[in-house]
Amino acid sequence: GSGESAVELDRRKIRDRIAELRRELGGLPHGGGAAFYDRSDPAFAATRAWIAAERGGGEDGDPGALTEGERYFEREVQPRLALSQCMFGPCHGDRSGISPRFDSGALGVFGVAATRSNYREALAHLSLGGQPELSRLARKPLRDLSIALPHRGGNGIHAFPVTLDDPLPRAVIGWARLERRLRTGEG
């Protein structure tokens, strides 16, 4: 023999087959980094359209299976949390040790699994006892310190809402009302 162990021989055969497939399929080694320049990249649009066309929502599950509360969260709350930079890695993203910890999605797109995970994380920060405006998720990021809850990251970040009338807190309060109604039948 060649002096190769069975494991080394298997690894070499696998590497050779991968290289062969790359040549056959026109692929090249990928050095890492973003696969798309931004969401306007035609390749991103084509990939997203392909995923959307997959029966049942692709690998991530059927978006039609989201509950009413999850759909409201997906449509109204989750994108506003992202725009307010709450889901940023070291704040409340995947590298944070501070609850809630959110899945920041990919270029602002959230699959069903990410939405459900983010929904569960955020749900624990709602006030469902009849005063939705007391929800921690609505008050924590406010810049108006007369009504805000102290925020370890500071309350002065420009992307944060100022008052409870801003879009993010309004969406959170609406979501808390919906969750209370769904759970108790009370508005």
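Not measured: the values here are computed from a predicted model.
- Residues satisfying the side chain to side chain donor-acceptor pair (under 3.5 Å) test with Tyr72, not counting sequence neighbours, are none.
- Not counting sequence neighbours, Glu74 has no partner by the salt bridge (Lys or Arg N to Asp or Glu O under 4.0 Å) test.
- In this view, Gln85 and Ile157, Ala159 satisfy the side chain to side chain contact (heavy atoms under 4.5 Å, CB included) rule, not counting sequence neighbours.
- Closest approach of Ser135 and Ala176 over heavy atoms only: OG-CB, 3.8 Å.
- Partners of Asp103 according to the side chain to side chain contact (heavy atoms under 4.5 Å, CB included) rule, which considers only residues two or more places apart in sequence or in another chain, are Ala114, Asn118.
- For Glu68, the salt bridge (Lys or Arg N to Asp or Glu O under 4.0 Å) test picks out Arg181, with sequence neighbours left out.
- For Thr115, the side chain to side chain donor-acceptor pair (under 3.5 Å) test picks out Gln78, with sequence neighbours left out.
- Applying the salt bridge (charged side-chain N to carboxylate O under 4.0 Å, His left out) definition to pairs two or more places apart or across chains, none involves residues 159-169.
- Scored by the side chain to side chain donor-acceptor pair (under 3.5 Å) test, Asp38 finds Ser40 as partners (sequence neighbours excluded).
- Take Glu70 and apply the salt bridge (Lys or Arg N to Asp or Glu O under 4.0 Å) test, not counting sequence neighbours, and it matches Arg116.
- Among residues two or more places apart in sequence or in another chain, the salt bridge (Lys or Arg N to Asp or Glu O under 4.0 Å) test is passed with Arg80 by Glu76.
- Looking at residues two or more places apart in sequence or on another chain, you find a side chain to side chain contact (heavy atoms under 4.5 Å, CB included) between Ser104 and Met87.
- Looking at residues two or more places apart in sequence or on another chain, you find no side chain to side chain contact (heavy atoms under 4.5 Å, CB included) involving Leu83.
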